[in-house]
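Have a look at the structure below before the remarks.
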Protein chains: 2
Amino acid sequence: MIRNANRKPVIDAKECDISGWDMENCPVRDVLDRIAGKWSTLLLEALSRQPFRFGELRRLVPDISQRMLTQTLRDLQRDGYIDRKVFPTKPPSVEYRMTELGHSLFEPLSKVLQWAEANHPSVKAARVKYDESELA
Amino acid sequence: MIRNANRKPVIDAKECDISGWDMENCPVRDVLDRIAGKWSTLLLEALSRQPFRFGELRRLVPDISQRMLTQTLRDLQRDGYIDRKVFPTKPPSVEYRMTELGHSLFEPLSKVLQWAEANHPSVKAARVKYDESELA
DNA sequence: AGCGCTAGTCTCTTTTTGAGACCAAAGATC
DNA sequence: GATCTTTGGTCTCAAAAAGAGACTAGCGCT
């Protein structure tokens with residue numbers, strides 16, 4: 001006998017909210033939407049090591065456009081992860097340096113990076129397996 | 001005396017490569033580009049608790065479009081973080097369940113989520129401060 | 001005189017994302 | 001028995017975001 005699709009859901013959505021998930025004004029989303037960008041993590045990793053100047057970062061991440069570099073740095077600065085310091089040279093040079101807040105964020109974040117490095121083979125294997133099964 | 005902007009860079013990009021950063025075939029980028037999406041983390045958090053069906057996830061994350069839900073789930077499945085199980089009901093029902101790999105990823109990832117929740121006030125404060133200084 | 005360096009901005013094109021209609025078959029409702 | 005709902009999607013079109021590349025200004029070097 002085929003079960004009805006309208007079987008009872010695994011759990012009601014409202015119950016899940018109770019278990020500590022507030023959709024409106026969600027802190028996790030608010031914070032993560034910023035560091036989840038394509039370039040944010042990369043820049044944070046670089047700056048976690050030491051301060052860098054704009055051009056250095058550009059050379060360090062060759063396939064980032066100047067536009068996105070500027071924008072991502074500004075976003076990170078706005079959220080308080082990095083400091084921007086302008087030296088009154090001609091032409092002016094700018095140094096980006098990770099703040100305390102940035103370092104405290106990077107601590108757990110680096111664990112994810114380590115996981116990524118360690119489990120890259122598993123992920124690649126999963127992809128191959130998926131693509132093969134799709135092909136059929 | 002004003003320093004020349006052509007002062008020696010803090011460090012040469014090549015040196016940074018030596019300290020363990022391979023730009024081509026970078027595992028960190030390859031893995032993170034997937035979980036860095038706007039929705040991935042949200043779905044992983046939900047599925048880390050328990051399996052959910054498509055419609056349940058849609059109701060749980062109300063502002064995701066069906067299109068992006070489908071696509072994100074497929075990406076997560078392809079990378080081996082979740083399993084997709086179809087029940088031959090009419091209409092068919094589909095259950096998404098986190099794999100072992102997914103759980104092992106979520107362990108460090110949840111630390112970042114916790115950080116986000118804990119430090120949300122600091123981030124919001126930083127934004128206010130930044131916006132005020134920009135306003136001037 | 002001409003080139004390169006600095007840290008960006010501006011514009012244009014391409015890619016990604018979002019909103020919503022549409023699907024087919026079965027169950028529930030009226 | 002006609003209609004409405006529900007399932008898990010796909011398809012199309014519009015809007016937003018990202019990428020590519022030109023352009024800026026003042027100084028040093030050749």
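Keep in mind that this is a model prediction, so the values were computed, not measured. Lettering of chains follows the sequences in order, A, B, ..., and the numbering in each one begins at 1.
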Quick one: which of [options] gets closest to the side chain of [X]?
X: A:R53; options: D:dG26, C:dA7, D:dG8; answer: C:dA7
X: A:F54; options: C:dA7, D:dT7, C:dA26; answer: C:dA7
X: A:R59; options: C:dT9, C:dT6, D:dT10; answer: C:dT6

Measure [atom1]/[X] against [atom2]/[N] and give the value in whole Å, please.
X: A:L57; N: C:dT6; atom1: CG; atom2: P; value: 12 Å
X: B:E56; N: D:dT7; atom1: CD; atom2: C1'; value: 12 Å
X: B:K90; N: C:dA28; atom1: NZ; atom2: P; value: 16 Å
X: A:L73; N: C:dT9; atom1: CG; atom2: C1'; value: 15 Å
X: A:Q77; N: C:dA7; atom1: CD; atom2: C1'; value: 14 Å

Query raised in the report: Are any non-hydrogen side-chain atoms of B:M98 and B:F52 less than 4.5 angstrom apart?
Result: no

Requested in this report: Heavy atoms under 4.0 Å is the rule here; annotate nucleotides 14-22 of chain D 5' to 3' with B where the base is hit, S where only the sugar-phosphate is, and - elsewhere.
Outcome: ----BBB--

Report task. For B:R58 and for B:R74, find the nucleotide of DNA chain D with the closest heavy atom, then tell me which residue's nucleotide is more 5'. Result -> B:R58

Query - Value rounded to 0.5 Å, distance of OG in B:S110 from CD in B:E117 - result: 11.5 Å

Report task. Test B:L105 against A:N119 for side-chain contact (heavy atoms from CB on, under 4.5 Å), laying out the working first. Result -> CA-CA 9 Å; B:L105 160 66; A:N119 295 86; over 6 Å; no

**Report entry** Heavy-atom donor-acceptor pair, B:T72 side chain to B:L69 backbone, under 3.5 Å
**Finding:** no

Report task. Write down the atom of A:I82, the atom of A:T99, and the distance for their closest heavy-atom approach. Result -> C-CG2, 3.7 Å

**Report entry** Pairs flagged by salt bridge (charged side-chain N to carboxylate O under 4.0 Å, His left out) wherever residues 31-41 of chain B is involved - sequence neighbours left out
**Finding:** B:R34-B:D79

